[in-house]
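Values below: all heavy atoms of this structure, side chains included; hydrogens, waters and symmetry mates excluded. Numbers restart at 1 for each chain; the letters A, B, ... are given by sequence-line order, proteins then strands.
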Amino acid sequence: MALNGKLAVIDLSDRSVSIKEIPMSVRKRFLGGRGLDAYLLYNYTLPGSDPLGPSNVMIVSCGLLGGLLASSSGRCHIMARSPLTGFVGSSNIGGYFAPELRFAGFDHLVIRGRAAIPSYLWINDGRIEIRDAAHLWGKDVFETQAALEQELTDRAVQTLCIGPAGEKLVRFATVMTGFKNAAGRTGLGAVMGSKNLKAIVARGSGSLDIAHPEAALEYNRSINERILATKIAGTMQKWGTMFIYGGTNAIGFVRTNNFLSNQLEDGEGLEAENMEDVSVGHGACFGCQVHCRHRYVIKEGAYAGTYAEGPEYSSQGAFGSMVGCRDLNTVLACNHLVNRDGMDTLETGNMIAWAMELFEKGIITLADTDGIDLRFGNDEAVIEMVRRIAGRVGFGHILAEGPLRAAGVVGRGSEDYLIQIKGMSNLHSDERPTPALALGIATSSRGADHIRSRPGIDVYNLPLPTLERVYRDNPAPYAGPLVNRFDSYEGKAWMVLWQEHNYMAVDALGVCKFHTIFMSPNLPSFTEFSRMVELNTGLCLTPLQIWDAANRSYTLERMFNIREGLTRAHDMLPERYFTVPTPAGLPMAKGKSIDRDRFEGMLDEYYGLHEWDASGTPTPQLLERLGIGWEPTDVL
Amino acid sequence: MLGEEDTQPKERSREERDAEVRCLGCLGHFRPPSGADHADCPHCGASWRLTWLDAHSVKIRGPWKKS
Ligand SMILES: [Zn+2]
């Protein structure tokens with residue numbers, strides 16, 4: 001069957017590899033991917049493990065549907081205790097690595113210890129070797145992958161690797177595959193660097209036996225047709241996620257100059273349509289029909305002539321609006337640099353934007369910045385700071401520590417200017433006009449984040465029947481209100497919770513979030529997931545059982561965070577969300593701030609719907625019902 | 001960003017949906033002239049720059065600045 005992929009526990013300290021079966025009972029309860037990773041993280045780490053020490057584990061996985069007949073089934077998930085936040089470190093990555101890992105016979109890797117010398121893992125048809133990587137240390141992401149293809153004399157190998165930023169333990173370093181696929185958030189590249197692990201290379205020739213191949217093929221065809229029939233898929237095919245910027249900036253949802261505005265005036269230069277000047281086509285991840293990824297050649301500046309891929313909407317903000325830059329060339333250059341050196345585009349942009357606001361306010365000066373003029377809109381300064389953060393040079397060394405540690409070093413009240421939650425910085429979105437989105441970033445298990453619980457469709461003010469179809473009893477019962485106004489606080493706690501479960505299911509199945517209810521209400525979710533799982537794997541899980549599995553895994557993420565010191569106070573917005581109204585935008589977005597009492601009320605409601613107590617701790621009854629009321633387990 | 005899918009109570013054909021935009025100011029739907037680079041919302045008068053995915057499918061790109 002398709003689900004015979006193994007779990008490998010690799011100890012880099014004593015160079016041992018232990019290979020285990022994954023029992024079907026565990027599959028049914030945690031599915032795979034992020035869902036099962038949460039279980040493994042909880043059980044393979046001890047409380048208080050140093051995120052950059054040998055006792056932290058790095059877990060790499062494919063989803064339950066990885067490599068199978070499901071749309072975009074190539075997602076890879078990586079998990080560890082985060083060196084950025086100290087809480088759950090979790091990031092999802094596209095490309096082709098996860099299916100190759102599965103073809104090689106493995107669904108989950110648990111990597112612990114620390115290699116004595118720089119090393120890489122070679123995973124090939126059921127075998128795992130720990131190999132010397134001294135010759136790769138210091139190489140960038142692109143050079144590393146090319147060198148490994150050459151060394152292994154196989155251009156079809158798939159590689160996860162770190163760049164120089166991961167080696168230097170930049171706390172928001174990424175794990176990369178290809179030119180732009182990044183496990184971007186929470187600093188997992190630093191975890192890999194701390195283990196002296198430069199790369200993981202997979203190659204497999206195994207086949208995956210699909211339970212009902214003809215029916216799975218036909219069903220997948222119908223799902224693909226449905227995805228491609230949406231207007232959002234057509235838009236993504238042409239403009240990628242960059243298309244989002246035009247509308248959001250027009251309304252006033254785009255954080256600008258760190259947090260000084262919610263709209264970049266005269267920001268047309270960042271619009272997706274400008275990519276036509278540099279584009280050389282589009283690319284896609286494994287099994288995807290949409291092909292949303294830009295491929296481009298930089299035309300101007302220090303990196304003219306360089307081939308790169310991306311950027312995404314996040315980089316338009318990170319190196320555009322947040323830092324007050326209006327030149328797409330700056331975005332393209334910085335996008336190339338963070339991918340080459342292996343750093344999170346959002347955290348990098350946020351750190352620079354924060355420093356710029358401090359600089360503009362006189363809280364830091366040229367003496368702090370090594371003479372770099374960090375005024376908003378200084379394109380050259382932004383590019384230079386990206387280089388200095390990756391290399392931990394001068395002031396870049398401080399910014400490389402991430403928001404809370406950097407503010408600790410700078411002092412002078414600088415923490416007040418961070419736009420972070422749980423120690424992780426936010427997307428360049430401004431959630432002051434949208435309470436549901438604000439609750440989502442406040443409560444996300446990995447810190448301020450837009451793809452772990454965001455009810456993206458809330459901003460459309462959809463007709464109520466559409467909201468009812470998506471959120472009412474689908475599949476879990478809900479008797480509360482649903483309100484189709486994005487400025488409302490009512491019914492939003494459930495929407496956030498529903499999206500949490502949906503995205504956890506997506507990450508556990510190993511498919512793409514853009515192919516579920518995220519930005520369109522017309523895409524697949526639990527009902528379709530249930531059918532996909534049955535036809536591909538033979539595993540009969542009702543939509544409600546998939547919902548419960550997602551709940552189980554999300555609860556374990558919460559339990560992990562509580563074990564590491566999380567309290568209700570961590571589920572909180574930056575203070576300025578409450579005290580400073582948005583200064584710009586259309587009437588629906590201008591003059592808006594979050595009402596503190598109503599936000600607290602929404603948080604209470606969210607906890608209650610979760611069956612968590614008022615402090616945000618899962619109740620014993622919930623843990624018992626989900627079958628995770630005891631710990632730790634040594635099933636795996 | 002503002003979705004143009006399933007944002008009206010009535011069922012629309014794919015052709016209707018693709019040919020229409022949803023005003024970012026008033027959230028009303030309207031059909032711009034084919035190939036136009038900008039259009040005014042008939043409901044609230046706001047002016048929008050347009051982007052065409054193909055000859056039949058249009059989206060709002062951003063505000064049209066009247067000179
Ligand atoms: Zn209008």
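Within the cation-pi definition used here (under 6.0 Å to the ring centroid, within 45° of the axis), A:Arg432 qualifies as a partner of A:Phe259.
Residue contact with chain B, scored on non-hydrogen atoms closer than 4.5 Å, is absent for A:Asp458. For B:Arg61, the parts lying near chain A are the backbone and the side chain together; criterion is any non-hydrogen pair under 4.5 Å.
Shown here is B:His43, whose NE2 atom has more than 12 heavy atoms of other residues, nucleotides or ligands within 6.0 Å. More than 12 heavy atoms of other shown residues, nucleotides or ligands fall within 6.0 angstrom of atom CZ in B:Arg31.
Applying side chain to side chain contact (heavy atoms under 4.5 Å, CB included) to A:Ser444 and the options A:Arg452, A:Arg454, A:His450 leaves one that passes, A:Arg452. Residue A:Glu431 is tested with A:Ile594, A:Leu437, A:Asn262, A:Thr582 for a side chain to side chain contact (heavy atoms under 4.5 Å, CB included); the sole match is A:Leu437.
No salt bridge links B:Asp18 with B:Lys59; every basic N to acidic carboxylate O contact stays at or beyond 4.0 Å.
Chain B is approached within less than 4.5 Å, heavy atom to heavy atom, by no residue from residues 310-328 of chain A.
Each of A:Thr235, A:Asn249, A:Leu586 has some count of heavy-atom pairs under 4.5 Å with chain B, and the biggest count is that of A:Thr235.
Note: A:Trp498 CH2 to A:Tyr503 OH = 8.0 Å, rounded to the nearest 0.5 Å.
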